Amino acid sequence: MNNPIISVVMPVYNGARYIRESIESILNQTYKDFELIIINDGSTDKSEEIVLSYTDPRIIYLKNEVNSKICVTLNRGLDAARGKYIARLDCDDIAMPNRLERQKQYLDEHPEIGIIGCDIITFGEGREDRYFEFVHNPDGCRAGLLFNTCFAHPAVMMRTSIIREHNLHYREEYKGLEDFEMWWRMSQHVEMTNIPEPLIRYRKHSEQETQNVSDSVAAKSTEFIHERFRSYVPTLTDKELKVIANYCYAKWSELDDDALSILFSICRQIMHSPKVKASKSFSKAMAITLSKALVFVKNNCPAVKKRAWSMDNKALFAGIMPFDWYLKFSFHHIFHR
């Protein structure tokens with residue numbers, strides 16, 4: 001057979017309750033030239049029985065004989081993919097009927113983009129539908145990766161050529177943030193963005209697997225924080241990196257006046273780093289990203305709440321906060337005092 005244009009990679013572990021709905025959301029796509037690679041990671045429920053009940057030749061079924069966890073399972077799917085593009089979907093989420101068509105069209109029309117995501121709608125039993133909006137431009141996505149992932153993992157579509165050319169795989173040592181770390185490495189090679197449409201219904205439920213973070217995984221997470229910030233300011237000291245880690249881990253009680261001064265200094269150094277100053281549009285995107293970070297500090301850090309407005313003034317004059325965002329936060333402060 002000719003290779004399909006799109007390979008959809010769907011890992012499943014004990015997903016019998018929802019997997020039928022997820023499979024059919026792919027089989028009923030408006031775009032038809034795809035393969036659906038389902039990797040059963042040692043399920044002990046009826047997941048296999050459900051998958052094998054389908055006779056659609058576009059379904060490729062793979063099985064791990066033992067539970068090998070998410071990174072091994074996803075990498076097996078990446079390696080098996082034959083399509084020009086690789087899309088992700090989890091076995092409890094639902095793709096909108098035009099999801100593949102819209103993302104393929106975007107990648108076809110924007111060769112500079114290597115990975116495309118989209119907005120999502122979160123839902124679940126006993127929950128109201130909620131629209132979740134991601135950043136919709138490449139500069140904003142690249143800047144936002146300083147602090148967090150810029151995608152919903154099951155909503156992405158990637159160029160297979162980027163995966164093959166740079167030998168990109170999910171890393172087991174970053175379990176729990178394997179997708180975030182993957183996007184960070186991909187951002188060194190390609191642009192990425194999101195379509196401003198909710199093309200995925202992202203299910204929230206009590207059966208979702210939780211991550212038990214081991215000491216080694218926690219250490220890799222901290223190492224990853226250091227890597228991201230030192231990519232902009234290689235000279236950051238251990239003390240400065242500790243402040244950043246405390247912010248990223250939401251340890252608000254650790255952010256006293258001295259730590260907040262250090263945080264401002266780090267933001268200023270990032271804004272004046274060569275990578276940020278090289279592009280006016282990226283500089284603005286990074287300023288917005290850092291401004292959002294400072295808003296989280298204002299909203300959560302006891303040492304700041306009583307002088308939140310003065311913090312905005314300081315950020316403005318330090319060249320961290322754009323003037324339009326300063327006005328936005330100032331009006332918000334005035335009308336919500």
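Note that this is a predicted model, so its numbers are computed, not measured.
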Please determine, by modelled atom types, if [X] and [Y] share a side-chain donor-acceptor pair under 3.5 angstrom.
X: Asn64; Y: Thr73; value: yes
X: Tyr249; Y: Thr222; value: yes
X: Asp139; Y: Ser281; value: yes
X: Ser261; Y: Asp258; value: no
X: Glu24; Y: Tyr54; value: yes
X: Tyr170; Y: Asp179; value: no

Considering non-hydrogen atoms only, spot the tightest contact between [X] and [Y] and give its length.
X: Arg159; Y: Leu107; value: NH2-O, 2.5 Å
X: Ala81; Y: Ile37; value: CA-CD1, 3.6 Å
X: Thr44; Y: Asn14; value: N-OD1, 2.6 Å
X: Thr193; Y: Pro138; value: OG1-N, 3.8 Å

Take atom [atom1] of [X] as the centre, draw a 6.0 Å sphere, and report whether it contains more than 12 heavy atoms from other residues, nucleotides or ligands.
X: Tyr61; atom1: OH; value: yes
X: Lys251; atom1: NZ; value: no
X: Glu128; atom1: CD; value: no
X: Asp238; atom1: CG; value: no
X: Lys277; atom1: NZ; value: no

Rounded distance [0.5 Å steps], CG in Leu62 versus CG in Asp41: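 Between atom CG of Leu62 and atom CG of Asp41 there are 11.5 Å.
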Output the distance between atom CD1 (Ile116) and atom CE (Met192), rounded to the nearest 0.5 Å.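 Ile116 atom CD1 to Met192 atom CE measures 10.5 Å (nearest 0.5 Å).
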Identify whether the distance between the nearest side-chain nitrogen and carboxylate oxygen of [X] and [Y] falls below 4.0 Å.
X: Glu48; Y: Lys63; value: yes
X: Asp108; Y: Lys104; value: yes
X: Lys220; Y: Glu223; value: yes
X: Asp79; Y: Arg76; value: no
X: Asp92; Y: Arg201; value: no
X: Glu35; Y: Arg82; value: yes
X: Arg203; Y: Glu21; value: yes

Going hydrophobic residue to hydrophobic residue with side-chain gaps under 4.5 angstrom, can you get from [X] over to [Y]?
X: Val135; Y: Trp184; answer: no
X: Leu100; Y: Ile121; answer: no
X: Ile39; Y: Ile70; answer: yes
X: Ile94; Y: Ile200; answer: no
X: Leu177; Y: Leu78; answer: yes

Any chance you could lay out the ring-ring contact (aromatic ring centres under 6.0 Å, His included) test for Phe147 and Phe229, step after step, and finish with the verdict? CA-CA 9 Å; Phe147 290 103; Phe229 281 84; 5.5 Å; yes
Can you confirm whether [X] sits close enough to [Y] that some side-chain heavy atom of one is under 4.5 Å from a side-chain heavy atom of the other?
X: Arg230; Y: Leu241; answer: yes
X: Asn194; Y: Asn137; answer: no
X: Glu240; Y: Gln269; answer: yes
X: Pro196; Y: Glu133; answer: no

Would you find a donor on one side and an acceptor on the other, under 3.5 Å apart, between the side chain of Thr160 and the backbone of Lys84? yes
Taking Gln103 for its side chain and Ala155 for its backbone only, find out whether a donor-acceptor pair lies under 3.5 Å. yes
Does the Lys NZ or Arg CZ of Arg130 fall within the cation-pi geometry relative to Phe123 - under 6.0 Å from the ring centre and within 45° of the axis? no
Tyr106 ring centre to Arg102 NZ or CZ under 6.0 Å, with the angle to the axis within 45°? no
Tyr202 and His153: ring-ring contact (aromatic ring centres under 6.0 Å, His included), yes or no, with the steps? CA-CA 10 Å; Tyr202 185 98; His153 192 182; 9.9 Å; no
Geometric class of the Tyr18/His205 ring pair [parallel <30°, tilted 30-60°, perpendicular >60°]: tilted
Look at the rings of His166 and His189 and say which category their plane angle falls in: under 30° parallel, 30 to 60° tilted, over 60° perpendicular.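 Parallel, since the angle between the ring planes stays under 30°.
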Among Phe132, Phe180, Trp183, Phe134, which one satisfies ring-ring contact (aromatic ring centres under 6.0 Å, His included) with Phe151?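 Among Phe132, Phe180, Trp183, Phe134, the one that satisfies the ring-ring contact (aromatic ring centres under 6.0 Å, His included) with Phe151 is Trp183.
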Take Asp119 and His136 through the side-chain contact (heavy atoms from CB on, under 4.5 Å) test and state the conclusion after the steps. CA-CA 9 Å; Asp119 293 346; His136 303 139; 2.8 Å; yes
